[in-house]
Amino acid sequence: MIAITLPDGTVKSLPSGSTGMDIALSIGRKLAQDALALKVNGQATDLLAPLSADSTVEIVTFDSPAGKDIFWHSSSHIMAQAIEELFAGSKFGAGPSIEQGFYYDIASEHRFREDDLREIEKRVLEISKRDLPICREEMSRTAAIEFFSTTRVDPYKVEILEETLKNIETVSLYHQGEFTDLCIGPHLPSTAKVKAVLLTNISSSYWRGDSSRESMQRIYGITFPSEKLLKEHVLQLEEAKRRDHRKLGAELELFMLTPEVGSGLPIWLPKGAIIRNELETFLKEEQRKRGYLPVYTPHIGNIELYKRSGHYPYYSDSQFPPLTYHDEEGKQEQYLLKPMNCPHHHLIYSSKMRSYRDLPIRLTEFGTVYRHEQSGELNGLVRARGFTQDDSHIYCRPDQLVDEICDAIGLTQFVFATLGFSEIETRLSMHDPANQAKYGGTAEVWEQAEKDVKEAADRMGIKYFIGVGEASFYGPKIDFIVRDALGRKWQLGTVQVDYVMPERFDLTYTGSDSQKHRPVVIHRAPFGSMERFIGVLIEHTAGNFPLWLAPVQAVVLPIADDVHDYASSVHQQLLAAGIRSELDLRSEKIGRKIRDAEIGKVPCMIIIGQKEKESTEVSLRRHRIGDEGRYSVSSLIERLLTEITGRT
RNA sequence: GCUGAUGUAGCUCAGUCGGUAGAGCACUUCCUUGGUAAGGAAGAGGUCAUCGGUUCAAGUCCGAUCAUCAGCUCCA
């Protein structure tokens with residue numbers, strides 16, 4: 001007998017050789033039905049693997065992230081089997097589970113089309129009905145190479161075995177019916193667990209992510225243990241579509257993109273410009289309190305500037321080509337559309353002598369930059385070719401550095417909290433020691449910079465994860481990452497430490513010893529890019545902006561013509577108080593006017609009829625809330641202004 | 001940039017076998033004057049993304065280009 005400890009602390013005694021299924025059955029039939037796999041002492045294993053020692057176990061179901069991971073991983077195998085049955089000769093690359101489902105990379109003579117996906121879906125469900133047991137088999141690596149060279153010819157699996165797994169003695173294969181895949185597991189006990197499938201799209205990928213290798217066809221899908229869960233998922237996708245900033249941006253007239261201006265070059269429409277302007281004003285106020293000094297710099301700069309900064313050689317691919325012309329003497333000059341603001345700011349720093357008493361100096365600018373992102377990368381506001389960074393550079397002494405990083409983190413946190421972003425991931429972006437060529441500066445400088453970044457992050461008590469190889473070429477970063485409506489991650493705010501640029505630009509200050517010293521630079525941008533931030537904000541709020549940001553804050557809705565004069569005077573009073581108000585004088589019924597204001601996501605509807613006119617009051621209706629009762633005009637204005645200035 | 005898909009009125013979308021382009025919403029005008037999410041009628045609105053080809057005839061078939069979407073790759 002062995003002792004099995006369950007997550008709630010109860011201990012069950014079962015015969016040695018019992019499986020996860022036996023444990024689940026001993027707890028309840030429902031659990032046994034839902035059980036997908038087992039965690040033994042924290043390690044995921046197959047449900048039918050026999051246990052021979054005392055252990056702490058947890059039954060894994062679809063409700064847990066581990067359960068979804070296993071479910072979708074097995075699903076990718078089932079899809080591969082379906083594809084193999086339908087399209088003989090298909091070879092399989094990698095087929096992992098991902099955050100929302102799974103994919104499999106396939107090399108096939110056949111070009112997969114939308115219609116094929118429906119056929120494959122049918123076959124997946126058929127394989128599910130066959131209720132094939134999914135069995136693990138362990139063998140030596142050499143035996144597995146033999147297997148994938150002769151029994152099941154799949155050169156990709158052989159390559160994985162020979163390269164990725166070259167230091168591993170024993171590997172595992174999983175069999176289900178005629179299909180076998182090389183896989184570490186664990187997997188579902190049977191194909192029958194998969195009850196609903198949706199194959200979502202076909203794209204391409206490179207074998208092992210290497211663009212010099214052959215390209216494969218990647219099929220994405222998602223599966224569920226019930227039809228009901230699939231329906232919920234489809235509803236979620238539809239909701240995400242409704243929140244898509246590109247759709248809302250057009251509907252609410254916030255911004256536009258047109259090939260007549262150029263791909264990836266957003267134009268801010270009046271309503272979008274209001275939001276951006278409010279956000280800029282907000283940050284400017286906060287920065288003024290924190291001792292930042294505003295500057296302005298031009299949109300283009302001599303190419304020599306970027307060669308000096310080191311940006312040009314590192315990033316020449318993603319810049320617009322230089323503007324080249326010849327001056328009066330025939331000398332050639334080249335200018336670059338500004339891909340970043342830092343070099344300009346460095347020149348401002350070095351435009352005069354700086355004393356250690358002057359530091360830190362915090363230069364700030366909403367600087368518009370242009371980067372030639374690959375066409376396939378462009379995505380509304382969140383990935384554009386022209387965008388504005390809320391860019392500041394803080395020049396400080398080494399002894400001030402950690403304090404300054406902490407202040408920058410604090411400002412970023414304040415900005416995010418004000419805008420209601422609560423689910424932020426923070427990444428410490430460090431350099432990749434295996435790829436030194438990607439970075440400027442010496443090893444000592446990097447060591448110091450990464451230590452400083454960590455110290456500041458720890459002092460600010462932020463939860464973070466380390467991103468190896470995510471650093472910029474001049475230094476490590478603290479990146480603040482949020483998700484869009486579709487769950488895709490976007491980097492917004494960033495705080496970066498830079499010991500490299502001060503060298504390149506020979507930045508100095510005079511110390512108390514009257515000697516020259518090197519300052520350290522912090523690059524920081526709480527919003528990151530105004531475009532991206534607002535794009536994500538649109539999705540985050542679904543276009544229901546807080547009052548202080550709403551392009552139209554109030555709309556005055558008279559019920560009938562005989563109160564138009566009074567309504568118009570209320571509207572004028574709102575405007576005079578600085579509230580962005582509109583007046584709806586259409587000859588529509590009040591229900592219609594309310595509906596249009598609700599659809600337009602206007603936060604306040606000011607409803608005015610005969611009763612309000614007589615008592616010189618107004619009725620307030622809040623967007624998505626409803627009737628809030630009567631107010632005098634002055635008390636309404638006071639209430640709205642309090643909400644606006646408080647940015648709540 | 002790569003792979004696949006898409007492109008018809010301001011928006012959402014029909015358009016069969018290749019035979020002179022349709023709906024709803026929005027818009028304009030008129031009627032209607034009302035109490036918390038759609039009052040009624042009429043009207044206007046299109047070089048079917050662009051360019052080229054096949055054909056007696058192309059929104060429809062073929063090719064190229066541009067743009068958008070999904071993913072890959074890249075990312076200061």
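The basis for the numbers below is simple: all heavy atoms, side chains too, and nothing from hydrogens, waters or symmetry mates. Below, read A as the first sequence line, B as the second, and so on, with proteins coming before strands; counting in each chain starts at 1.
Taking the P atoms as reference points, B:rA64 lies 15 Å from B:rG1, given to the whole Å. Taking the C1' atoms as reference points, B:rU16 lies 11 Å from B:rU60, given to the whole Å. B:rA37 and B:rU28 have their P atoms separated by 24 Å, given to the nearest Å. Spacing between B:rG59 and B:rU6 at atom C1', rounded to whole Å, works out to 15 Å. Spacing between B:rG46 and B:rG10 at atom P, rounded to whole Å, works out to 8 Å. Rounded to a whole angstrom, the distance from the C1' atom of B:rA76 to that of B:rA14 is 47 Å. For the P atoms, the distance from B:rC51 to B:rA9 is 16 Å, rounded to whole Å. For the P atom pair drawn from B:rC31 and B:rU68, the interatomic distance equals 46 Å after rounding to whole Å.
Listed here is the closest heavy atom pair of A:Ser90 and A:Ile106: CB-CG2, 3.9 Å. Heavy-atom minimum distance, A:Ile405 versus A:Ala456: CG2-CB, 3.5 Å. In plain terms, the two heavy atoms of A:Pro322 and A:Ile303 that are nearest each other are CG-CD1, 3.9 Å. The two residues A:Ser568 and A:Leu583 have their closest heavy-atom pair at CA-CD2, 3.8 Å. For the residue pair A:Leu585 and A:Pro558, the shortest heavy atom distance occurs at CD2-CG, 3.9 Å. Contact record, A:Tyr499 with A:Gln448: OH-CG, 3.3 Å, taken as the closest heavy-atom pair.
Minimum atom distance to the side chain of A:Arg246 is reached by B:rA70, of the listed B:rC72, B:rA67, B:rA70. Between B:rU36, B:rU33, B:rC72, one nucleotide has an atom nearer to the side chain of A:Arg218 than all others, and that is B:rC72. Which of B:rC74, B:rG71, B:rA76 sits closest to the side chain of A:Ser472 comes down to B:rA76. Across B:rA70, B:rA37, B:rC72, the shortest atom-to-atom separation from the side chain of A:Glu598 is found for B:rA37. For A:Gln374, the side-chain atoms get nearest to B:rG1 when compared with the rest of B:rG1, B:rU36, B:rA76. Comparing B:rA67, B:rG35, B:rC75 against the side chain of A:Arg383 picks out B:rC75 as the nearest. Picking from B:rU33, B:rC72, B:rU36 the nucleotide with the shortest atom distance to the side chain of A:Ser205 gives B:rC72. Ranking B:rA76, B:rC72, B:rG35 by closeness to the A:Arg371 side chain, first place goes to B:rA76. In the set B:rA76, B:rG35, B:rA37, B:rA37 carries the atom at the smallest distance from any side-chain atom of A:Arg621.
You won't find any donor-acceptor pair under 3.5 Å spanning the side chain of A:Thr200 and the base of B:rA70, going by distance alone. With hydrogens and angles left out, the side chain of A:Glu373 and the base of B:rG1 share no donor-acceptor pair within 3.5 Å.
Note on A:Phe473: nothing from the nucleic acid sits closer than 4.0 angstrom, heavy atoms only. Backbone-only contact: A:Ile590 has heavy atoms under 4.0 Å from sugar-phosphate atoms and none from a base. Residue contacts for A:Glu260: at a heavy-atom cut-off of 4.0 Å it reaches no nucleic acid atom on any strand shown. Looking at heavy-atom distances under 4.0 Å, A:Glu470 makes no contact with the nucleic acid at all. A:Thr258 comes within 4.0 angstrom of nothing in the nucleic acid, heavy atoms only. As judged by a 4.0 angstrom heavy-atom cut-off over every strand, A:Asn379 is placed among residues touching the sugar-phosphate backbone only. Residue A:Leu257 is out of contact with every strand shown, counting any heavy-atom pair closer than 4.0 Å.
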Mark up nucleotides 38-51 of chain B, 5' to 3', with B wherever a protein heavy atom is under 4.0 angstrom from a base atom, S wherever such an atom reaches only the sugar-phosphate, and - elsewhere.
-> BB------------
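In this structure, CD1 on A:Ile202 lies 8.0 Å from CZ on A:Phe112, to the nearest 0.5 angstrom. Rounded to the nearest 0.5 angstrom, A:Ser619 OG and A:Arg630 CZ are separated by 5.0 Å. One finds the CD1 atom of A:Ile394 at 10.5 Å from the NE2 atom of A:His523 (value rounded to the nearest 0.5 Å). Rounded to the nearest 0.5 angstrom, A:Ile481 CD1 and A:Ser429 OG are separated by 6.5 Å.
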Atom pairs and distances, side-chain donor-acceptor, residues 263-271 of chain A, under 3.5 Å, sequence neighbours left out:
| unit_1 | atom_1 | unit_2 | atom_2 | d |
| --- | --- | --- | --- | --- |
| A:Trp268 | NE1 | A:Glu531 | OE2 | 3.4 |

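Only one option out of A:Val369, A:Thr368, A:Asn341 pairs with A:Thr388 in a side-chain contact (heavy atoms from CB on, under 4.5 Å); it is A:Thr368.
Listed by first and then second residue, the salt bridge (Lys or Arg N to Asp or Glu O under 4.0 Å) pairs that reach into residues 552-571 of chain A come to none, sequence neighbours excluded.
Side chains of A:Arg524 and A:Ser392: a donor-acceptor N/O pair is present below 3.5 angstrom, by distance only.
Note on A:Asn201: every side-chain N or O is 4.0 Å or more away from OP1 and OP2 of B:rC69.
Between A:Arg586 atom CZ and B:rC31 atom P there is a gap of 18 Å when expressed in whole angstrom units. In this structure, A:His393 places its NE2 atom 14 Å from P of B:rA76, rounding to the nearest Å. In this structure, A:Asp432 places its CG atom 13 Å from P of B:rC74, rounding to the nearest Å. Computed from coordinates, the A:Leu199 CG to B:rA70 P distance equals 19 Å when rounded to whole Å. Atom P of nucleotide B:rG35 and atom CD1 of A:Ile607 are separated by 12 Å, given to the nearest angstrom. We find that NZ of A:Lys611 is positioned 11 Å from C1' of B:rU36, with the value rounded to whole Å. We find that NZ of A:Lys241 is positioned 11 Å from C1' of B:rA70, with the value rounded to whole Å. With rounding to whole Å, A:Arg630 atom CZ is found 10 Å from B:rG35 atom C1'.
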Taking only Watson-Crick and G-U wobble pairs with both distances under 3.5 Å, what dot-bracket line describes RNA chain B, where [ ] shows pairs that cross earlier ones and | shows pairs with another strand?
-> (((((((..((((.....[..)))).(((((.......))))).....(((((..]....))))))))))))....
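Comparing A:Ala560 and A:Ile599 by the nucleotide of RNA chain B whose heavy atom lies nearest to each, the residue mapping closer to the 5' end is A:Ala560.
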Identify the pairs formed between an N or O of the protein and an N or O of nucleotides 8-14 of chain B at a distance under 3.5 Å, and give each distance.
none

Distances for protein N/O vs nucleotides 2-7 of chain B N/O pairs under 3.5 angstrom?
| unit_1 | atom_1 | unit_2 | atom_2 | d |
| --- | --- | --- | --- | --- |
| B:rU3 | O4' | A:Ser204 | OG | 3.3 |
| B:rG4 | OP1 | A:Arg111 | NE | 3.4 |
| B:rA5 | OP1 | A:Arg113 | NH1 | 3.4 |

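Ring geometry for A:Tyr104 versus A:His77: interplanar angle of 30 to 60°, hence tilted.
The aromatic ring centroids of A:His393 and A:Tyr349 lie 6.0 Å or more from each other.
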